[in-house]
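Here the structure is laid out as structure tokens; the discussion comes afterwards.
Computed from a predicted model, the values in this text were never measured in an experiment. Sequence lines set the chain letters: A, B, ... in the order given, protein chains first and strands last, and positions in each chain run from 1.
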Amino acid sequence: MEHLLENLTDAQREAVLYQDGPLLILAGPGSGKTRVITHRIARMIADGVPGHQILALTFTNKAAEEMKLRVARLAPQSEVWIGTFHRFCARMLRKYARIVGLEENYTIYDTGDSAQALRRAMAQLHVDAAFTSPESIGRAISWAKNNLITPEQYQPKSGNPLGGVVQQIYPAYQAKLAGSNAVDFDDLLMHVATILRQNDEVRAALDERYRYIMVDEYQDTNLAQYVIARAMSCDFSNLAVTGDPDQSIYGWRGANLNNILDFEKDFPAVRVVRLERNYRSTKRILRVADELISHNLRRKKKALFTENEAGEPVRLVTYRTHKEEAEMIAAEIAGEIAPGRRHARDYAVFYRTNALSRSFELALREAGVPYQMINGVEFFQRQEIKDVLAYLQLVNNPHDEVALLRVINRPTRGIGKTTIERLANHAQHRRLSLLDAAREVRHVESVAARSAKLVTAFVAMVDRLISAVGPIEELLGLVLNESGYEAMLKGSGDEEDEERLANIQELLTVAREFDERHGAPRGTRSAGRRGGVGHLEAFLEETALVNDTDEWETQLDRVTLMTLHASKGLEFPCVYLVAVEEGLLPHERSRTSAEQLEEERRLMFVGITRAQQQLQISRAEYRDFRGERKPAIPSSFLMELPRGEMDVRQPEATRVVEIDEVPVDHEPVFRREEPRPPAPATPSFGSGLRTAAEMLGEGQTPAAVDPDVFRQGMVVLHPKFGLGKVIALGGSGGDRTATVDFTSAAGRQKIALAGSGLRPVK
DNA sequence: TGTGAGTTGATTTTT
DNA sequence: TCAACTCACA
């Protein structure tokens, strides 16, 4: 255990050793907070606390992954539950769904799905969206849920024109979710908070089960999260929270800064530990950050200090235009990388809004500097992925209306708007789910016989899929075929569709990995809730709550482009903080209240404190906005920085870099279009390039084919059944199977690949 | 029912 | 600027 206490400061050691009772760790940026948490967990385990009694909650998947990794290193095999609040709640809700009127196989709607449900609810109430937008109503509902205000309790604030509409729509929206056996992100928290509040039996059980609870980034908790953490810390009040009020940047999401500011009031017996020594940045960078944040009033003062060297002055640069800003920065980076003074991965560019990334992408590409952008289009948000997943959602939860509406006519199968509306009416009258309404389409008089036939065929297809629940990869394969989705994309010859197919292939890989990781159910039908269905649920939960297909990777030698929000928790040797202009940082929507302004200041504080050695803050005199070039006003925050620590450069003084000097030998890299990892080497035998005829002629038993060469949709040849097409793949290793539609009388066969003699034709 | 053009409108941050 | 959405038409 001693090694867990080595190289810790007194304050860090105190936090690591303090075990029973509430603990508040106020951790400044770069103060080794994660180290403290992970060492604390490891130390407790070393001291005999069973891992399963420890629960560590984070806000982002990124933070959870990092923590898991580090805990695993310090305390291998421990059963500590580490994850995001949302994941934890999703799990709890699977168990206690009935208490809040849900079934265990409920669907988690992402933002897009929720918006869809909201639109449907509005349409059914005939709410005219002319004065309001679904977005603003959605935000209001989200805010209410984060504050645990139920539809019944919702009272509009007087003078808010939106309030009345929200009051009307919120219950309808919630009813729509209930009817679909679905929850949105906020519900995950709200439902669990409700259960904990209203059901003391459950509360006490969880309190006892999770005796030691840790909450990371406590300054970001909203009321719901606060209630959850608190409720599980009554009988065993070993709640340890870490956070930094100065890094609270999620107020807009319902985060309540008071949760951390008042922690000492909530738990009078609390031990407070301050981690104020910074191990990350130079003295100058830290000084700039400290000076800026001192302009905030609502905070807990900390005395940030570092033993690191003074470092270079922080640069404050004004460019003429946003274009010049991007190009000069790109050139500067290129100029450092080319001679090998720096790696691309040493650099990060932070901006307030995603829209600002564009010029930097362009400039870096031009300059031949490899970069990676965080949070471009999320993989799981892509249309084709959402479409295919919607089929799975529907299979898992046939009540899911949003999923049904998404897939019922995609690919187009002649079921149009009118038919759907008629079905919806029928469903509403008879209080049926949409799918059940579709089941009895023949009794819906208004639907034409021709349409009814198409609907029946659709329902039959869904039923076939439902009865085929097994490994996800295999189920996906069936979906792609039965639905005609694959054929739709393959037939078009469209380049975009090619890319979509590639993305779907990627999804199949994700599915396969998931199957392997979680031990896919073998059989198809036998699957009870424990087996196939639960497995599918878990997969959908993961895809809804995790966006980690494009995890930011430190190893990649690329410049990182990201928003200030995304930068939290990270560090880089060299940081460019760009577009620090009035209206962007602080953002114009945040200028209405002093509170929001302080949050913007914290956002800048977070950005500054990511830098280890070099920091440049910049702005442009002119910036294109909505296609118009407008003069940009310097951010008021710039006036709050200590000029003594800084090197201020006006446009005249900016260094001119010849773009020609920059080598352009490496290809620019884009996050999504990155080459996939090479497939495992295929056995030498002709890479399957011979024609079917040639192969048929040979009639000999070929060398064993690596099961991994088979892909969805591939044309294959079987020694006995002849030519066929791969419908679905499943299983792993020696158990890997292919479902093949043969052109011969053999029809559809599921073949164990090992020793089958099956081989790819093309 | 599907497509295409033309318009509109909107641009913060995330689970 | 650009993407998404509507409305008219085939």
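- Counting to the nearest Å, the C1' atom of dT15(B) and the CZ atom of Arg139(A) are 16 Å from each other.
- Phosphate contact (OP1/OP2 of dG2(B), side-chain N/O of Asn409(A), threshold under 4.0 Å): present.
- Within the 4.0 Å cut-off from OP1 or OP2 of dT15(B), not a single side-chain nitrogen or oxygen of Thr60(A) is found.
- The backbone N or O of Met190(A) sits less than 3.5 Å from a side-chain atom of Thr194(A), completing a donor-acceptor pair.
- Each of dC2(C), dT1(B), dT13(B) was ranked by its minimum atom distance to the side chain of Arg358(A); first place goes to dC2(C).
- The distance between atom CD of Glu217(A) and atom C1' of dT15(B), rounded to the nearest whole Å, is 14 Å.
- The side-chain heavy atoms of Leu536(A) and Leu392(A), taken from C-beta on, include a pair separated by under 4.5 Å.
- Atom CG of Asn354(A) and atom P of dA10(B) are 19 Å apart (whole Å).
- Note on ring orientation: taking the six-membered ring where Trp is involved, the planes of Phe360(A) and Tyr351(A) are parallel (angle under 30°, cut-offs 30° and 60°).
- Salt bridge status for Arg602(A) with Asp246(A): absent, with no side-chain N to carboxylate O gap under 4.0 Å.
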Listing time: all N or O pairs from protein to nucleotides 5-8 of chain C that are below 3.5 Å?
none

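- In terms of position along DNA chain B, the nucleotide closest to Thr412(A) lies nearer the 5' end than the nucleotide closest to the other residue of the pair Glu599(A) and Thr412(A).
- Listed nucleotides: dT13(B), dT1(B), dT15(B). Nearest to the side chain of Phe185(A): dT15(B).
- To the nearest angstrom, C1' of dT15(B) lies 13 Å from CG of Leu57(A).
- Side chains of Gln247(A) and Pro29(A) form a contact here, defined as non-hydrogen atoms less than 4.5 Å apart.
- Using a 4.0 Å cut-off, no side-chain N or O of Thr563(A) falls inside it from OP1 or OP2 of dT13(B).
- Here dT15(B) is the nucleotide among dT13(B), dT15(B), dT14(B) with the atom lying nearest to any side-chain atom of His86(A).
- Per the geometry, CG belonging to Leu545(A) stands 16 Å off P belonging to dT14(B), to the nearest Å.
- Among the nucleotides dT13(B), dT1(B), dT15(B), the one closest to the side chain of Thr111(A) is dT15(B).
- The interatomic distance linking Leu93(A) (CG) with dT15(B) (C1') rounds to 15 Å, in whole Å.
- Within the 4.5 Å cutoff, side-chain heavy atoms of Val215(A) are placed close to those of Phe85(A).
- For Arg94(A) and Tyr106(A), the positive end sits near the middle of the six-membered ring, less than 6.0 Å away and at most 45° from its axis.
- dT15(B) atom P lies 17 Å from atom CD1 of Ile228(A), rounded to whole Å.
- Nucleic acid contact class of Phe85(A) (heavy atoms, under 4.0 Å, all strands): none.
- For the pair His587(A) and Gly416(A), nearest-nucleotide mapping onto DNA chain B gives the more 5' position to Gly416(A).
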